[in-house]
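Structure first, commentary second.
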Amino acid sequence: MYQIMINDTTLRDGEQAAGVAFNLEEKVAIAQFLDTIGVHELEVGIPAMGEEEIRAIVAIRNLDLNAKLLGWNRAVLSDIKASIACGLERVHIAIPVSGVQIAAKFHGQWRVSLQKLKDCISFALDQGLWVSVGGEDSSRADENFLQDVAMLSQEWGASRFRFCDTVGVLDPFRTHLKVKHLVSTLSIPIEIHTHNDFGLATANALAGIKAGAVSVNTTVNGLGERAGNAALEEVIMALKCIYGVDLGIQTQHLLKLSQLVAKASGANVQPWKAIVGENTFAHESGIHAHGVLQNPVTYEPYAPEDVGWERRLVIGKHSGRHSLSNLLEQHGIFLDSQEIQAILDVVRQQSILKKRSLTTEELLNLVSEKRYSHAT
Ligand SMILES: CC(=O)SCCNC(=O)CCNC(=O)[C@H](O)C(C)(C)COP(=O)(O)OP(=O)(O)OC[C@H]1O[C@@H](n2cnc3c(N)ncnc32)[C@H](O)[C@@H]1OP(=O)(O)O
Ligand SMILES: O=C(O)CCC(=O)C(=O)O
């Protein structure tokens, strides 16, 4: 596969998640972290939002990061001027391309909106900026119209075109078809931007990449509009482990990054969230724990350290003898199989009553209450 670039939009589309508002320090810390681990490009925000946003973007720009920085703009000249005021050298200009969006936002006047796009690209180029164009709602657009807008963007001087599945309605097969078609007709690179309304954002992002997109938009934890975007950590790890494509990103820090963004966004990730959820390397079920004790590869697709986790064996309703003995032995407690089974029976009852697994302390108390501690 060709060189894939991540253009992370946690600081733009991620922050658009309803109820999320990063302050300047949080935006700076997230940008710095993303840069440190080697993310190639950051969509840092929307300068047109005004003073506060501009201050944060300027602070990020002043960090002199390795990552390229991109400002998001509408096809509105004052937006581009705001990006310039931030000192950004790269601007992304978005334009709706579906019938439904053009009707609702531009009263159907697609010629007017294309003229605005042309004027904005031309103005940005005159100012020496690098320009990317986004086809908002590309997935629902008429294919010929989308093609025309992309070709015109290229002709007018854009250096990249973003294919957006704005409301997350594609599946990987249709994503592949649509992106492949664009890739085969344009000479500028394609970026894929996907949403998770049907839980397919990461799969669709990968399908876009397979079809030839060389840049992919992600957000940490999949944060973003409605059901969110393709998650940075999922795209990176899927590319690495499923396709064997190493983006050169320091994946061992992905968990810490996730925690930083969860805190700043006030949105915790669910325990079963791929890569960064707290259950990712937690094994309770007896059959799984037994397998993992023999060889972790039985139930782990990659090593926990690869993303910053440690493996956890959890004792609860579904545990079996092997993991219980293993845990007790780590505390110097050696029981025979009858004793282990008796403890397991109580563990099951207590887990149901407490509606959770048992802590190590609870388990050790249980053993001593049951007077098995003599077996040490
Ligand atoms: C799919 C996406 O994620 S797109 C990104 C969406 N992100 C955001 O909206 C977050 C930040 N947005 C904001 O702070 C504000 O919406 C602003 C500053 C951009 C604009 O604010 P306001 O001037 O108050 O306008 P408001 O948000 O109510 O309406 C949007 C306006 O932008 C226009 N617009 C929307 N998209 C585009 C576009 N791509 N190009 C040009 N104009 C556009 C709309 O037609 C509407 O114009 P109108 O005021 O002439 O009717
Ligand atoms: O950049 C664009 O064109 C729009 C990006 C976006 O957030 C979307 O379409 O969901």
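When a residue number appears, it is its place in the shown sequence, counting from 1. A quick note: this is a predicted structure, and the numbers were derived from the prediction, not measured. In each ligand, atom 1 is the first atom listed, and ligand 1 is the first ligand listed.
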Within 4.0 Å of some non-hydrogen atom of His92, the atoms of ligand 2 are 1 (O), 2 (C), 3 (O)
Output for pair (Trp72 CH2, Ile57 CD1), nearest 0.5 Å, gives 12.0 Å
Looking only at protein heavy atoms, what sits closest to atom 10 (C) of ligand 1 is Ile46 CD1, 3.6 Å
A student checking ligand 1 against Pro96 at a 4.0 Å heavy-atom cut-off should list atoms 39 (N)
The atoms of ligand 1 lying under 4.0 Å from a heavy atom of Ala48, numbered in the order shown, are 18 (C)
TODO: Return yes or no for this condition: an N or O of Glu136 is under 3.5 Å from an N or O of ligand 1.
DONE: no
for atom 47 (O) of ligand 1, nearest protein heavy atom and its distance come out as Arg74 NH1, 4.8 Å
Looking only at heavy atoms, the pair that brings Phe281 and Tyr302 closest together is CE2-O, 3.1 Å
re atom 13 (C) of ligand 1, the protein heavy-atom contact at minimum distance is Met49 CG, 4.0 Å
* To do: Decide whether the shortest distance between a heavy atom of Gln16 and an atom of ligand 2 is less than 4.0 Å.
  => no
Filtering Pro47, Ala104, Ala94, Cys164 for the heavy atom nearest atom 39 (N) of ligand 1 leaves Ala94
Note: ligand 1 atoms sitting under 4.0 Å from heavy atoms of Val76 are 41 (C), 42 (N)
Checklist entry - Could an N or O of ligand 1 be found under 3.5 Å from any N or O of Arg12, whether backbone or side chain? => result yes
Taken to the nearest 0.5 Å, the spacing of Tyr243 OH from Asp246 CG works out to 16.0 Å
